[in-house]
Amino acid sequence: MATGLAGAEAVAAALRLRSRLALVTGGGSGIGRAVCQRFAKEGAAVAVVDIDEGAATETLRTLHRDHQQHSVFVADVTSSESVRSLVSQIQSQFSRPPCVAVNCAGITMDSLLLKMQEEAFDRVLQVNLKGTFLVTQAVATALIASGAKKGSIINLASIVGKVGNLGQANYTASKAGVVALTKTSAKELARYGIRCNTILPGFIDTPMAAKVPQKVLDTVLRLVPMGRLGDPSEVADVCVFLASDDSSYVTGASLEVTGGLFM
Ligand code: NAP
C-alpha cells in the first residue's frame with residue numbers, strides 16, 4: 001500500500017528548486033529582487049548579487065528561510081575581476097558553484113540617437129551585454145570544472161531589443177546582443193548540460209520603469225492587450241520555470257513576458 005509523504009516532507013518534495021544554488025545579479029531591486037524571493041520560496045539557496053550592498057541586504061531580509069540559507073555578494077558585473085571573485089566567494093561559502101544564474105543587472109541611459117553621448121552608449125553595453133557575458137562565462141566555467149551535469153542560465157533581455165524603441169539606441173542594441181549571446185551560449189554549453197534562455201519582458205513595474213515619463217507609459221499601456229504593466233513576480237514565475245526541470249528540453253529560447261505587447 002502506498003503511504004505517501006506527510007506534512008513538511010510533502011511540501012519539500014513539491015519545491016521546484018529544492019537544493020539548488022542560484023546566483024541572481026541585480027538582486028537588490030525590481031525583477032532581480034522578485035526572482036530572489038520566488039527562488040527562495042521554491043527551495044533554492046540564493047546568492048543575492050548587486051552593486052548596491054544596502055539594496056541587496058534589504059532583499060536578503062525578505063527571503064524565505066525555511067529551506068535554505070542565503071547570502072549577499074557585492075559585485076560590479078562590468079568587471080571581469082569582480083565577477084571572477086564573486087563566483088569564487090560563492091563557491092567558498094556554499095562549497096559548490098551556482099547551478100542557476102539569472103542576469104538581471106541592467107541600466108538605461110536614454111536619449112535620442114542624434115544626441116546620445118558615446119559614454120552613454122558604452123556604459124549601457126558594458127552593464128547589460130558585457131556583464132551578462134562575464135557572468136555566463138564565469139558560472140559556466142565553474143560548473144564545468146565542478147563536474148556538475150546540469151545548469152540553467154537565464155538572461156534578461158527586453159521586448160524592445162526585438163522592435164527598437166525611441167531614445168534607446170544603446171539599450172535596444174544591448175538587449176538584442178543579449179539574445180544572440182544567449183543563443184550562442186546555448187549552442188556551446190548544451191554538451192555540458194547547461195541550458196541558456198532569454199526572457200524578453202515588456203514594461204514591468206520596477207524602479208527602472210519608473211524612470212519612463214508617464215506620457216510614454218500611457219501610450220505604451222494603450223498598446224498592451226492586457227492593459228497593464230507587468231508585476232516583477234510575473235517575470236520571476238517564468239524564471240522559476242526556466243531554472244527548474246520543468247523546462248529540461250528548453251534552451252536557446254526567448255520567452256516574451258509582455259502582456260501581449262509587440263507580439
Ligand atoms: P532595476 O530595478 O533598476 O534593477 C537593476 C539592478 O541592477 C539595480 O539594483 C542596479 O543597481 C543593479 N546594477 C546596475 N548596474 C550594475 C552593475 N554594474 N553590477 C551589478 N549590479 C548592477 O531594473 P529592473 O527593472 O528590475 O530590470 C531588471 C532587468 O530586466 C534589466 O536587465 C532590465 O534591462 C530588464 N528589463 C526590465 C524591464 C522593465 O520594464 N522593468 C523591461 C524589460 C527588461 P543600482 O540601482 O545601484 O544601479
Side-chain angles (χ1 to χ4, degrees), residues 23-38 47-60 72-87 101-110 120 122-136 138 153-165 168 170-179 181-182 198-213 216-217 220-221 223-224 228-236 238-239 254-259 261-262:
L23 173 169
V24 183
T25 72
S29 179
I31 294 169
R33 175 173 286 171
V35 171
C36 293
Q37 291 167 337
R38 185 67 209 281
V48 184
V49 180
D50 207 283
I51 200 164
D52 179 340
E53 185 171 13
T57 305
E58 180 53 28
T59 296
L60 181 72
V72 160
F73 299 87
V74 178
D76 176 355
V77 298
T78 68
S79 151
S80 53
E81 203 185 316
S82 178
V83 170
R84 265 198 304 272
S85 151
L86 164 71
V87 173
V102 188
N103 283 297
C104 291
I107 60 166
T108 53
M109 290 176 77
D110 295 352
D122 287 347
R123 183 68 194 154
V124 169
L125 269 285
Q126 272 184 2
V127 176
N128 298 2
L129 182 55
K130 183 183 171 192
T132 301
F133 159 69
L134 289 175
V135 173
T136 299
I153 295 173
I154 301 163
N155 296 329
L156 271 293
S158 171
I159 195 66
V160 297
K162 200 171 113 176
V163 299
N165 199 24
Q168 292 198 311
N170 49 3
Y171 184 80
T172 53
S174 74
K175 294 304 187 178
V178 167
V179 172
L181 166 68
T182 309
T198 315
I199 295 179
L200 273 51
F203 284 76
I204 311 297
D205 191 6
T206 71
M208 181 181 278
K211 288 190 206 148
V212 178
V216 176
L217 275 185
V220 167
L221 280 178
L223 298 173
V224 179
R228 62 172 176 85
L229 295 180
D231 189 82
S233 65
E234 293 174 298
V235 181
V238 180
C239 288
S254 301
L255 289 184
E256 298 182 9
V257 185
T258 61
L261 177 68
F262 303 139

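As the structure lists them, so they are numbered: ligands from 1, and atoms in each ligand from 1.
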Using a strict 4.0 Å cut-off to heavy atoms of [X], name the atoms of ligand 1 that fall inside it.
X	value
Ala75	19 (N), 20 (C)
Asp76	17 (C), 18 (N), 19 (N)
Ile107	14 (C), 15 (N)
Phe203	40 (O)
Gly30	2 (O), 26 (O)
Ser158	43 (C), 44 (C)

Nearest-0.5 Å distance, [atom1] of residue [X] to [atom2] of residue [Y]:
X	Y	atom1	atom2	result
Leu223	Leu261	CG	CG	6.5 Å
Tyr171	Met109	OH	CE	14.0 Å
Ser82	Leu134	OG	CG	9.5 Å

Under 3.5 Å, N or O to N or O, is [X] touching ligand 1 that way?
X	value
Gly32	no
Ile31	yes
Ser29	yes
Tyr171	yes

For [atom], the option (of [options]) bearing the nearest heavy atom:
atom	options	value
atom 17 (C) of ligand 1	Val74, Asn103, Val77	Val77
atom 29 (C) of ligand 1	Gly106, Cys104, Ala105, Ser174	Cys104
atom 9 (O) of ligand 1	Val102, Thr25, Asp50	Asp50
atom 21 (N) of ligand 1	Asp205, Leu217, Ile51	Ile51

Under a heavy-atom criterion of less than 4.0 Å, does [X] contact ligand 1?
X	value
Gly131	no
Ala157	yes
Ala55	no
Lys175	yes
Gly202	yes
Val127	yes

**Request:** Salt-bridge test for Glu234 and Arg38: reply yes if a basic N is under 4.0 Å from a carboxylate O, no otherwise.
**Result:**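 Answer for the salt bridge query: no.
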**Item:** Any donor-acceptor pair under 3.5 Å from Thr108 side chain to Asp110 backbone
**Value:**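 Looks like no, no N/O pair under 3.5 Å.
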If you look at every heavy atom in [X] and [Y], which pair is closest and at what distance?
X	Y	value
Val257	Ile204	O-CD1, 4.0 Å
Ile31	Cys104	CG2-SG, 4.1 Å
Cys239	Ile154	O-CD1, 3.5 Å
Gly259	Val224	O-CG1, 3.6 Å
Cys36	Val24	SG-CB, 3.7 Å

**Message:** Give me the residue, atom name and distance of the protein heavy atom closest to atom 40 (O) of ligand 1.
**Reply:**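 I find the closest protein heavy atom is Ile204 N, 2.8 Å.
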**Item:** Heavy atom of the protein closest to atom 23 (O) of ligand 1 (residue, atom name, distance)
**Value:**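 For atom 23 (O) of ligand 1, the nearest protein heavy atom comes out as Met208 CB, 3.6 Å.
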Hey, does [Y] have a side-chain heavy atom less than 4.5 Å from the side chain of [X]?
X	Y	value
Arg33	Val35	no
Lys162	Leu200	yes
Leu156	Val235	yes

**Message:** Under a 3.5 Å threshold, yes or no: a donor from one side chain and an acceptor from the other, between Asn103 and Thr132?
**Reply:**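 Side chains of Asn103 and Thr132: no pair found under 3.5 Å.
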**Message:** Between Thr182 and Asn155, is there a side-chain donor-acceptor contact under 3.5 Å, judged purely by atom types and distance?
**Reply:**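 Per modelled atom types, Asn155 and Thr182 side chains form a pair under 3.5 Å.
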**Asked** Are any of the protein's heavy atoms under 4.0 angstrom from atom 48 (O) of ligand 1, yes or no?
**Response**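 So atom 48 (O) of ligand 1 lacks protein heavy-atom neighbours under 4.0 Å.
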**Item:** Under-4.0 Å protein heavy-atom contact, atom 34 (O) of ligand 1
**Value:**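 When distances to the protein are checked, atom 34 (O) of ligand 1 has a heavy atom within 4.0 Å.
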**Request:** May I ask you to identify, for Leu200, whether its side chain, its backbone, both or neither come under 4.0 Å of ligand 1 on a heavy-atom basis?
**Result:**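 For Leu200, there is no contact with ligand 1 at all, from either part.
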**Request:** Could you tell me whether Thr206 approaches ligand 1 through its side chain, its backbone, both or neither, with non-hydrogen atoms closer than 4.0 Å?
**Result:**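 Just the side chain.
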